[in-house]
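Here the structure is laid out as structure tokens; the discussion comes afterwards.
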Amino acid sequence: MLTQSLPTRPRPFRDRMQGPGGYYNIGNAISLIVGIATPIIASGDVAAIGTFLAGSGSAIALTTATFVFFISGECYHRAWACGAPPDARLNRWGDTLSGMGAIALGIALFMLGQPVLAAFSGLLHALGKFGSAWHGPRRSAAATPDLFRSAVLVSRIPAMIAAMLALLAPQIDSAQMVVTLSLLISYFCWTKADLLLFRS
């Protein structure tokens with residue numbers, strides 16, 4: 001079972017930054033904390049947390065995606081705990097779970113009326129992750145061994161461009177700027193993790 005492969009000894013924070021899992025989960029934590037804090041600050045009501053996490057179908061899908069991404073990030077961290085090359089089985093679990101999270105994210109974005117982001121951040125991201133899980137180290141001699149990892153990188157581009165354009169909008173207020181900046185920082189963390197996975 002998966003749980004039997006996970007080491008139980010806690011590691012210092014800096015050790016978590018040696019592999020992709022730490023960067024994935026730092027990005028996940030930033031986006032989740034800011035996402036929860038923003039409606040509370042805006043409304044002054046702690047009950048806004050419930051609305052943010054499960055107040056609609058898209059919120060439930062987004063919460064599910066975030067939860068799954070956290071688990072996949074932990075799988076990546078433990079797969080890379082001893083450096084490269086990673087534990088192949090845990091690395092594939094990270095890819096598989098991340099693909100599932102991407103599907104949930106795509107559903108949330110589609111329900112929010114963002115079909116382009118749903119196609120890239122959801123569908124393309126999921127295809128890249130599932131492809132990486134299937135590809136695995138056993139097929140490392142293939143002509144295009146990084147095709148699926150590259151697809152994940154490409155899936156980040158539209159959301160990052162949208163965030164940068166939002167920051168340049170003259171009508172952006174301070175709350176929107178904080179949210180957008182935090183999202184952009186999260187994307188940089190996730191992209192760093194994507195690049196580290198090429199070493200597998």
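Keep in mind that what you see is a predicted model, and the values were worked out from it rather than measured. Basis for what follows: all heavy atoms, side chains included, without hydrogens, waters or symmetry-related copies.
Contact record, Leu62 with Ala108: N-CB, 3.8 Å, taken as the closest heavy-atom pair. Minimum interatomic distance between Ile107 and Ala61 (heavy atoms only, all atoms of both residues): CG2-CB, 4.2 Å. Nearest heavy atom pair, residue Ser186 against residue Ser31, reads OG-N, 3.5 Å. Residues Ile172 and Ala166 come closest through the heavy atom pair CD1-O, 3.4 Å. Taking both residues in full, the closest heavy atoms of Pro20 and Ala193 are given as O-CB, 3.4 Å, listed atom of the first, atom of the second, then distance.
Note that the CG atom of Leu184 and the CG atom of Leu167 stand 6.5 Å from one another [nearest 0.5 Å]. A distance of 9.0 Å separates OG1 in Thr66 from CD1 in Ile36, rounded to the nearest 0.5 Å. From His77, atom NE2 reaches atom OG of Ser72 across 13.5 Å, with rounding to the nearest 0.5 Å. Summarising the geometry, atom OG belonging to Ser155 is positioned 9.0 Å from atom CZ belonging to Phe120; distances are rounded to the nearest 0.5 Å. If you take CD1 on Ile33 and OG1 on Thr38, they are separated by 11.0 Å, rounding to the nearest 0.5 Å. We find the OG-CG distance between Ser58 and Leu112 to be 4.0 Å, quoted to the nearest 0.5 Å.
No continuous path of hydrophobic side-chain contacts links Leu147 to Leu127 [ILVMFWY only; heavy atoms under 4.5 Å]. When the side chains of ILVMFWY residues are joined at heavy-atom separations under 4.5 Å, either directly or via intervening members, Leu183 and Val34 end up in two distinct hydrophobic clusters. Both Leu117 and Leu105 are part of a single hydrophobic cluster, where members link through side-chain heavy atoms under 4.5 Å apart. Follow the hydrophobic side-chain contacts under 4.5 Å out from Val116 and you reach Val154 in the same cluster. One hydrophobic cluster, built from ILVMFWY side chains closer than 4.5 Å, cannot hold both Met160 and Leu196; they sit in different ones.
Using a 4.5 Å heavy-atom threshold, the side chains of Arg156 and His125 count as touching. Between Lys129 and Val152 the shortest side-chain heavy-atom distance falls below 4.5 Å. A 4.5 Å side-chain heavy-atom check between Ser98 and Phe69 finds at least one atom pair inside the cut-off. Counting heavy atoms from C-beta outward, Thr51 and Pro39 have side chains that stay 4.5 Å or more apart. Within the 4.5 Å cutoff, the side chain of Val178 has no heavy atoms near those of the Leu181 side chain. Residues Phe198 and Ser150 have side chains in contact (heavy-atom distance under 4.5 Å, counting atoms from C-beta outward). The side-chain heavy atoms of Tyr24 and Leu197, taken from C-beta on, include a pair separated by under 4.5 Å. Between Leu109 and Ser121, some side-chain heavy-atom pair lies under the 4.5 Å cut-off.
Classification of Arg92 and Asp87 as a salt-bridged pair fails, no side-chain N sitting under 4.0 Å from a carboxylate O.
Side-chain atoms of Asp146 do not come within 3.5 Å of backbone N or O of Arg149 as any donor-acceptor pair. Judged by distance alone, with hydrogens and angles left aside, the side-chain atoms of Glu74 form no donor-acceptor pair with the main-chain N or O of Ile71 at under 3.5 Å. Using modelled atom types, no side-chain atom of Thr180 and backbone atom of Met177 make a donor-acceptor pair closer than 3.5 Å. In this structure, the side chain of Trp80 does not engage the main chain of Pro86 through any donor-acceptor pair within 3.5 Å. Looking only at distances, a side-chain donor or acceptor of Ser182 sits under 3.5 Å from a matching main-chain atom of Val179.
Counting non-hydrogen atoms of neighbouring residues, nucleotides and ligands closer than 6.0 angstrom, the CZ atom of Phe110 reaches no more than 12 such neighbours. Atom OH of Tyr187 sits in a crowded spot, with more than 12 heavy atoms from other residues, nucleotides or ligands closer than 6.0 Å.
Of the candidates Phe130, Phe148, Tyr76, Tyr76 is the only one forming a side-chain contact (heavy atoms from CB on, under 4.5 Å) with Asp95.
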For this session: Run the numbers on Leu32 and Asn28 for side chain to side chain contact (heavy atoms under 4.5 Å, CB included), then give the verdict.
Result: CA-CA 6 Å; Leu32 179 62; Asn28 294 338; over 6 Å; no
